[in-house]
S.K.: 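My structure is below; once you've seen it, I'll send some questions.
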Amino acid sequence: MTRCEFAYDDGAYVLGALAPAERAAYERHLGGCASCREAVAEIAVLPGLLGRLDPAGLEQILPPPAPPRVPALLDEARQRRRRERAADRRRYALTTLAAAGLALLVGVGAAVALPRPVDPSGPRGTPAPQVSMVAMRPVAAAGPVHADLGLTGTKWGTEVTMRCGYDARTSYGKAYPFRLVARGPNGATEQIGSWLAAPGDDLSFTGATRFTDAELISVELQKADGTPLLTYAVP
């Protein structure tokens, strides 16, 4: 049986040890791999539990700790992933160069929008525009999360502002990974962001999608396995 190429990345993902590009690739992979989603769900509670431990109390009941092995294991896993992907990167580099040359020949250009700091006062001291927030609607019965959403159209897509709360009293009873997904034309989707939350946590963030206000159909808040919890249909 062929082992999933991401089979060793669940621990590094939950502990936040993956590089940004590797984390983005792993989150895209989670949408189509039930095995990896189950692996992440099983250990997602660990960071929250570790953060609640009292070091002073542990020193009284535990023997002196052995040299930590987790950093070495994570480093070994990262090195293994880099070696496995090295050959693919070389092939992709050649393909990208060829595509870039073709784009120049036919006069096709692409622009990439990078995030940059924004002056809260706005240009020449004028107040920055306020984002109008609306409540996202539960997909089924009331779930463990609630969220408000704001959309701002731009030349390159849509800026998404979200305030989200994970109810303190929930049947989940543990930390759980969530993600925000934009839906565009012809069934196209794009992940805006993902996070790990424990009961009682609140989150505010601003992300972006390539879908313009004319293309954006809806925004969904989902569990890591793709189950929709909240939705907002763009009017």
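No hydrogens, no waters, no symmetry mates; every other heavy atom, side chains included, goes into these values.
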S.K.: Please check if the number of heavy atoms outside Arg163 that lie under 6.0 Å from its CZ is greater than 12.
M.R.: no

S.K.: Can you give me every donor-acceptor pair (side chain of residues 147-155, partner residue at least two apart or in another chain, under 3.5 Å) with its distance?
M.R.:
unit_1	atom_1	unit_2	atom_2	d
Thr154	OG1	Trp156	N	3.4
Thr154	OG1	Gly157	N	3.1
Thr154	OG1	Gly157	O	3.1

S.K.: How close do Thr231 and Ser218 get, counting heavy atoms only, and between which atoms?
M.R.: OG1-CB, 4.3 Å

S.K.: Any side-chain heavy atom of Leu221 sitting closer than 4.5 Å to one from Cys164?
M.R.: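 The answer is yes, as the side chains (C-beta and beyond) meet within the 4.5 Å cut-off.
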
S.K.: Quick check: do Leu203 and Phe178 have side-chain heavy atoms less than 4.5 Å from each other?
M.R.: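 No, their side chains stay 4.5 Å or more apart.
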
S.K.: Compare every heavy atom of Leu196 with every heavy atom of Pro177, then report the nearest pair and how far apart it is.
M.R.: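 Scanning both residues completely, I find the closest heavy atoms to be N-CD1, 3.4 Å.
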
S.K.: Hydrophobic cluster membership, with links at side-chain heavy-atom distances under 4.5 Å among I/L/V/M/F/W/Y: are Val181 and Val145 in one?
M.R.: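 No, it is not one cluster - the side chains of Val181 and Val145 are not joined through contacts under 4.5 Å.
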
S.K.: Which atom names give the shortest non-hydrogen contact between Trp195 and Leu180, and what distance separates them?
M.R.: CZ3-N, 3.8 Å

S.K.: Between Ser194 and Tyr13, which heavy-atom pair has the shortest distance, and what is it?
M.R.: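 Minimum heavy-atom separation between Ser194 and Tyr13: OG-OH, 4.0 Å.
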
S.K.: Charged N to carboxylate O below 4.0 Å: is that the case for Glu27 and Arg179?
M.R.: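 No salt bridge links Glu27 with Arg179.
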
S.K.: Which of parallel (below 30°), tilted (30 to 60°) and perpendicular (above 60°) describes Phe6 and His29?
M.R.: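 Because their plane-to-plane angle is under 30°, the rings of Phe6 and His29 count as parallel.
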
S.K.: Could you check whether any side-chain heavy atom of Met133 comes within less than 4.5 Å of a side-chain heavy atom of Val131, counting everything from C-beta outward?
M.R.: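 Side-chain contact under 4.5 Å: yes.
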
S.K.: Does anything in residues 205-216 pair up under salt bridge (charged side-chain N to carboxylate O under 4.0 Å, His left out), and if so which pairs, sequence neighbours excluded?
M.R.: Glu190-Arg210

S.K.: Rounded to the nearest 0.5 Å, what separates atom CD1 in Ile43 from atom CD in Glu38?
M.R.: 13.0 Å

S.K.: Which pair of non-hydrogen atoms, one from Gly207 and one from Ile192, has the smallest distance, and what is that distance?
M.R.: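 Result for this residue pair: CA-CG2, 3.9 Å.
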
S.K.: Where is the tightest heavy-atom contact between Arg37 and Leu30, given as atom of each residue plus distance?
M.R.: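 Taking Arg37 first and Leu30 second, the nearest heavy atoms are NH1-O, 2.7 Å.
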
S.K.: Could you measure the distance from the CG atom of Asp9 to the OH atom of Tyr26? Nearest 0.5 Å is fine.
M.R.: 6.5 Å

S.K.: Quick check on side-chain contact (heavy atoms from CB on, under 4.5 Å): which of Gln222, Arg137, Met136, Met162 does Leu230 satisfy it with?
M.R.: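 By the side-chain contact (heavy atoms from CB on, under 4.5 Å) criterion, Leu230 pairs with just one of Gln222, Arg137, Met136, Met162: Met136.
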
S.K.: Arg183 side chain to Glu220 main-chain N or O, any donor-acceptor pair under 3.5 Å?
M.R.: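 No; judged by distance alone, with no hydrogens or angles, the pair does not exist.
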
S.K.: Given the rule that I, L, V, M, F, W and Y join up when any side-chain heavy atoms are under 4.5 Å apart, are Val234 and Ile217 in one cluster?
M.R.: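 As far as the 4.5 Å side-chain criterion goes, Ile217 and Val234 are not connected within one cluster.
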
S.K.: Check for a donor-acceptor pair, side chain of Asn186 on one end and backbone N or O of Ala188 on the other, with a separation under 3.5 Å.
M.R.: no

